Amino acid sequence: MFHKALIDEDNDMSRINQYLDMVKRTSEREHLTLTNPFDRSIHLAFDLVLNQHLNPWDIDLVSFSSMYLKKAKEERIDLMTAGRIIYMAWKVLRMQSDDLVVNMEAKEEEEELDFGWEDIPTGAWLRSDDGYSYTNLVMKSPRPPLEEPIRRDSKRKIALIELLGAFDQARKDVEEFQLVDKLRREERQRLAEKARKKMNGVAHEDYLEEDIDLLWEKICHFPKKSMSLSSICEKTDSKEYIKAFLSVLFLAYDKKIRIYQHKFPYGEIYIKTIGYI
Amino acid sequence: MGLREERLVESVLFSASKPVGIGEIKEASGLSKKKVTEALESLIQTYNVERKKETSIEVIKAGDKYTMQVKKKFFDQSVMVAKPEIQSHHLKTLALIAFHQPVKQSNLRRMIGPKVYDHVDELSAMKLINAKKHGTTEMLTTTKLFPEYFGIDTTKPEEIREFLAKKVIGSIEK
Amino acid sequence: MGLREERLVESVLFSASKPVGIGEIKEASGLSKKKVTEALESLIQTYNVERKKETSIEVIKAGDKYTMQVKKKFFDQSVMVAKPEIQSHHLKTLALIAFHQPVKQSNLRRMIGPKVYDHVDELSAMKLINAKKHGTTEMLTTTKLFPEYFGIDTTKPEEIREFLAKKVIGSIEK
């Protein structure tokens, strides 16, 4: 169970290395006090959550309890250590439940209007217990609680008159597109000139327009609507990367794409096409 | 309730391929709102009570709409000819959002990890959830389409929560 | 004929949404060929004879396949709610190709933007247009299926173009 977090994150090597580092550091600190390897491994896992910011939901408390009980039946255990481990488990449970209480913040705010002293412990905790069990069950169960119903997916044929109507609409769309495209090109030209003046003719400004078009083609042909910048250009070639980044900024300015990062400021840059295709 | 009205509404439900509202049925069938409602009640009675053992199809209320679908009992064989659209791990994330809604994306991230971003994008694109800016994170809720899509007979978050809790308990008991 | 077998086959016909052959039904339902054939006969009897007046749906044999469909009598109202086979933005692109054919993909891109690539892929997959390499771009024309689909009495691109142009002018003059 303690490897669950690592298995879940198999696509994120950096996080795995981070965990390994933590384990190393933690084990150096604790190995003097806990001699039984079983106790030590459990202690390590909880310590990761309590002191090293591991996601509390990555600890499977249900498996832990049954495993620990089994172990306790099989051999004599050191009650001091067991007590300490149980206390840590309780703290992890608290952290998991706290998460759920935070989730319900918005709802609770509404209900606080008729809040009385007699209500303090029950309301929120009962609900968060339900929420805790539900979340746990959904995550552990092999099947989701929601099932897609099976309905017909029949489609009707298109009549000739609809094709003619579509042509009429398409003509209007073409006019509109060409007008917007013209404005967009002019604006891009203006920005390129402005940038050229600022950069004093150092960069690839002559090819900027071409670079933007090339990158846009790549984005349009990418099989997904969202992608990372490094998936559409060579990250190792820093010149190429900067060129692609500049084009991305222009495309974002044109509102053709949205760019975002999960980790600021050095994380990967993600691109998402917006309602254009 | 005239037989003709019931047939008209039945043909609309059959051809729609998705849940339809009373307004749409009214427009397509040319019947009054009252007649549509009566026909729907009568169809539910016919399919789900009278013909219960003689058909694999049911007529149900989904959100504020009505739909015709295969009974759960017969899912397994129909799944082979009508492929499901949502992946099972996306369904789990959706089940968490529906239960805890309104829920912050950052809290959901703590439950399921960084895959939350992909899942939220996918579920938003399918119009099953809404993501509204909330400080530095997003606040997630299910849309009106959610109960329609899954054939849940309510649009109230509290009742949706109850429905899901029952489903989870049901799946353990099996 | 067991009731269960009939229900299994019914659920497959309902969810398939298109005509299906005995082989497909056999595979989906897990029944023997004999049982499938018997169930189909029984379903035809139930829907088209016994429940004739009590349903707007019929089960018919079309070529070698079987399908469940709305009876002709109820077709008009059901067509209003049925999903069109070609999405409206794909239909617009198809109309442009039909009117301007043969047309270079690069020219079409200038008319409607980069969404052209997706649309051409989709329309080619539906076998309504042909895309042939032409230098660095592709030359687009409608296929043999196109006039068949829309009931146009010619297969030559120029004549199709003329036919459509006349129709459009006709509809403007009206």
Side-chain angles (χ1 to χ4, degrees), chain A residues 4-5 7-9 11-12 15 53-58 95-96 98-107 109-110 127-128 130-156 224-226 258 260-264 267 270 272 275, chain B residues 14-19 60 62 67-72 74-75 78-79 81-82 84-86 88-96 98-104 106-115 117-118 121 125 139 149-152 157 161 163-172:
Chain A
K4 187 175 170 295
I7 297 160
D8 280 357
E9 302 293 333
N11 54 352
D12 192 344
R15 216 173 132 182
H53 310 295
L54 177 78
N55 183 348
W57 286 96
D58 285 341
M95 284 170 87
Q96 290 183 346
D98 282 351
D99 258 4
L100 293 166
V101 175
V102 176
N103 287 338
M104 295 185 185
E105 254 174 15
K107 225 188 135 13
E109 274 166 22
E110 286 167 27
R127 260 217 312 276
S128 66
D130 289 348
Y132 170 72
S133 321
Y134 174 85
T135 308
N136 236 336
L137 287 169
V138 169
M139 287 165 72
K140 303 282 161 5
S141 151
R143 293 175 75 162
L146 285 169
E147 253 176 316
E148 275 187 89
I150 295 178
R151 298 181 183 137
R152 281 173 65 78
D153 187 26
S154 59
K155 287 173 184 158
R156 65 174 176 83
K224 279 185 172 174
K225 282 187 176 166
S226 50
R258 194 159 67 88
Y260 57 96
Q261 277 179 308
H262 293 321
K263 282 180 198 152
F264 182 77
Y270 290 93
K272 195 173 175 186
Chain B
F14 181 83
S15 325
S17 306
K18 61 175 175 48
I60 61 146
T67 190
M68 207 179 237
Q69 63 186 36
V70 171
K71 284 184 191 160
K72 220 177 151 206
F74 298 96
F75 262 26
S78 316
V79 149
V81 283
E85 284 173 29
I86 313 177
S88 122
H89 51 287
H90 286 151
L91 279 178
K92 278 194 179 188
T93 304
L94 181 59
L96 289 177
F99 188 91
H100 294 299
Q101 65 178 311
V103 56
K104 282 186 200 157
S106 51
N107 284 338
L108 201 60
R109 188 191 191 286
R110 259 181 259 163
M111 292 183 210
I112 65 166
K115 60 186 172 199
Y117 302 114
D118 255 8
D121 279 358
M139 190 60 95
Y149 193 95
F150 291 96
I152 304 171
R161 196 167 293 146
F163 171 90
L164 289 169
K166 272 186 202 150
K167 281 267 179 193
V168 163
I169 293 164
S171 71
I172 304 167

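Remember, it's a predicted structure, so these values are computed and weren't measured experimentally. Letters A, B, ... mirror the listed sequences (proteins, then strands); counts begin at 1.
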Is the backbone of B:Pro157 close enough, under 3.5 Å, to the side chain of B:Gln101 for a donor and an acceptor to pair up by distance?
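The answer is no, because no donor-acceptor pair under 3.5 Å joins these two groups.
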
Measure distances from [X] to the heavy atoms of chain A and classify the residue's part below 4.5 Å as side chain, backbone, both or neither.
X: B:Tyr117; result: side chain
X: B:Tyr149; result: both
X: B:Ser88; result: both

Are A:Leu146 and B:Leu164 packed together at the side-chain level, in the sense that at least one heavy-atom pair is separated by less than 4.5 angstrom?
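Side-chain contact under 4.5 Å: yes.
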
Which answer fits A:Lys272, side chain, backbone, both or neither, if we ask what part of it has an atom under 4.5 Å from a heavy atom of chain B?
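When you check distances to chain B, only side chain atoms of A:Lys272 fall under 4.5 Å.
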
Point-to-point distance, once rounded to the nearest 0.5 Å, from OG1 of B:Thr93 to CD1 of B:Ile112
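B:Thr93 atom OG1 to B:Ile112 atom CD1 measures 3.5 Å (nearest 0.5 Å).
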
From B:Met139 atom CE to B:Ser106 atom OG, the distance as rounded to the nearest 0.5 Å
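Separation between the atoms: 8.5 Å.
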
